[in-house]
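Structure, as structure tokens:
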Protein chains: 2
Amino acid sequence: MKTEAVDGTAGDRPRRTSEATKAAILAAARSRFAEQGYERTTIRGVAADAGIDASMVMRYFGSKEQLFEAALAIDLHLPDVRDVPPDRVPALFIRHFLDRWEGDPTDDALLVLLRSAVTNDQAAARMRDIFARQVAPAVAAALPPGPDAPARAALVSAQLLGLALTRYLLRLPPALALTPEQIEELYAPALTAVLTSR
Amino acid sequence: MKTEAVDGTAGDRPRRTSEATKAAILAAARSRFAEQGYERTTIRGVAADAGIDASMVMRYFGSKEQLFEAALAIDLHLPDVRDVPPDRVPALFIRHFLDRWEGDPTDDALLVLLRSAVTNDQAAARMRDIFARQVAPAVAAALPPGPDAPARAALVSAQLLGLALTRYLLRLPPALALTPEQIEELYAPALTAVLTSR
DNA sequence: TCACGATGTCAACAGACGTTGGCCAACAAC
DNA sequence: GTTGTTGGCCAACGTCTGTTGACATCGTGA
């Protein structure tokens with residue numbers, strides 16, 4: 001029944017398994033989408049990075065749009081802050097956010113999402129979905145319940161996404177010059193203000 | 001020497017003056033770049049909006065890239081806050097920023113710039129230039145001089161651009177639901193925090 | 001009247017793109 | 001060995017793109 005190797009390590013490599021190729025394509029796609037956005041990324045380019053022919057990309061993912069869709073899968077792994085002292089929450093969010101952006105240089109997922117969401121409706125919709133399912137609940141857990149909780153969550157998101165925008169996309173020199181510690185120190189009071197004002 | 005009409009108003013209009021055509025092209029280009037970004041905007045599309053042939057766009061602007069460059073010219077008209085009481089500055093910045101984005105629906109300049117700057121290096125460079133020449137000095141005028149003034153200016157920019165990002169680009173529902181007054185109320189303390197912390 | 005410059009159209013090129021279908025070679029099962 | 005399946009390449013399609021150059025039209029000044 002099964003055709004894949006039993007030991008999973010593929011001792012001598014006669015040919016690549018389709019799963020490995022699919023993963024290679026996806027990794028190449030993420031990298032290209034992250035650096036060039038949706039429009040300037042070409043299937044031929046992705047295929048070249050993955051060391052195969054462009055038609056293989058079509059076979060495995062159906063179309064460029066479906067490949068893009070597959071590249072957008074993201075779990076932010078936001079921390080649960082229900083048991084964190086309120087005055088520590090902003091710094092924790094900032095630290096987690098920077099870690100997610102700078103921790104693993106091979107993980108371009110957030111860059112793909114943000115860069116694409118600005119010009120691509122499909123990616124923007126995905127972003128709204130991630131906000132509603134992951135960000136808003138996580139921020140709400142740090143707030144006294146109230147009717148303006150979603151608004152505060154949105155403004156905290158604006159602050160963090162604005163940070164990513166100026167630092168990783170626009171690369172404003174002063175934003176690049178800051179260390180994560182300095183950002184935490186200067187920016188945490190601003191998050192606190194949004195979370196606690198009134 | 002001069003071939004243009006003396007009275008400048010072109011009383012009866014035999015044909016369009018080149019200046020009018022250039023302006024029509026530029027307006028069409030701004031609108032398309034704002035809505036679709038650089039890559040998906042086509043010269044043929046811009047020309048159609050302006051009611052002329054694509055080759056005219058080339059004649060007047062040389063290339064798509066130069067047309068784009070021309071569409072990026074922006075003056076933020078930031079207020080001078082040197083004589084404004086410090087506790088009023090954040091609300092003033094927010095108000096001015098929202099006015100600039102929502103005041104004139106035919107003025108897409110900021111949308112062009114932000115949407116393009118995320119995927120286009122040329123636009124990102126322009127953004128850095130605008131930050132350095134217009135934003136940083138304006139914010140610095142609201143601060144006691146110090147070595148971290150540029151960093152604070154960058155973080156203020158991050159907050160305002162993040163607001164534009166979530167509200168006008170990503171269109172997060174809670175960010176869209178807020179009135180300018182509510183934004184001012186909820187967000188001004190956050191700007192204050194960045195400007196005055198420590 | 002005639003020529004000329006300015007405004008504009010039209011047709012085409014050359015390259016890149018997403019996508020398709022046919023073919024090949026290696027492996028597994030019988 | 002034969003056969004079917006799997007991973008992969010190749011050539012081509014139709015379309016769209018930026019860009020170019022030849023040609024038309026019209027108002028104006030000599």
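Within every chain, numbering begins at 1; the chains are lettered A, B, ... in the order of the sequence lines, protein sequences first and strands thereafter. Remember, predicted model here, so these are calculated numbers, not experimental data.
Here the closest heavy-atom approach between residue A:L169 and residue B:V118 is recorded as CD1-O, 3.7 Å.
In this structure, CD of A:E39 is placed 12 Å from P of D:dT17, rounded to the nearest angstrom. What separates OH of A:Y60 from C1' of C:dT19 is a distance of 17 Å, to the nearest Å. Rounded to an integer number of Å, the gap from B:M58 CE to D:dT19 C1' is 5 Å. In this structure, the NZ atom of A:K22 is 16 Å from the C1' atom of D:dG8, given to the nearest Å.
Heavy-atom neighbours of A:E65 CD from other residues, nucleotides or ligands within 6.0 Å: at or below the threshold of 12. More than 12 heavy atoms of other residues, nucleotides or ligands shown are found within 6.0 angstrom of CG on B:D87.
The closest side-chain heavy-atom distance from B:T119 to A:Y38 is not below 4.5 Å. Contact check for B:M127 versus B:L72: no side-chain heavy atoms found under the 4.5 Å cut-off.
A parallel orientation is assigned to the rings of A:Y168 and A:W101, their planes being inclined by less than 30° (bins at 30° and 60°).
Among the atoms of the strands shown, none is found under 4.0 Å from any heavy atom of B:F61.
Map A:R40 and B:E19 each onto its nearest nucleotide of DNA chain C; the residue landing nearer the 5' end is B:E19.
The nucleotide whose nearest atom lies closest to any side-chain atom of B:R16 is, among C:dG8, C:dT19, D:dT20, C:dG8.
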*What string of B, S and - do you get for nucleotides 9-16 of chain C, 5' to 3', when a contact is any protein heavy atom under 4.0 Å?*
BB-B----

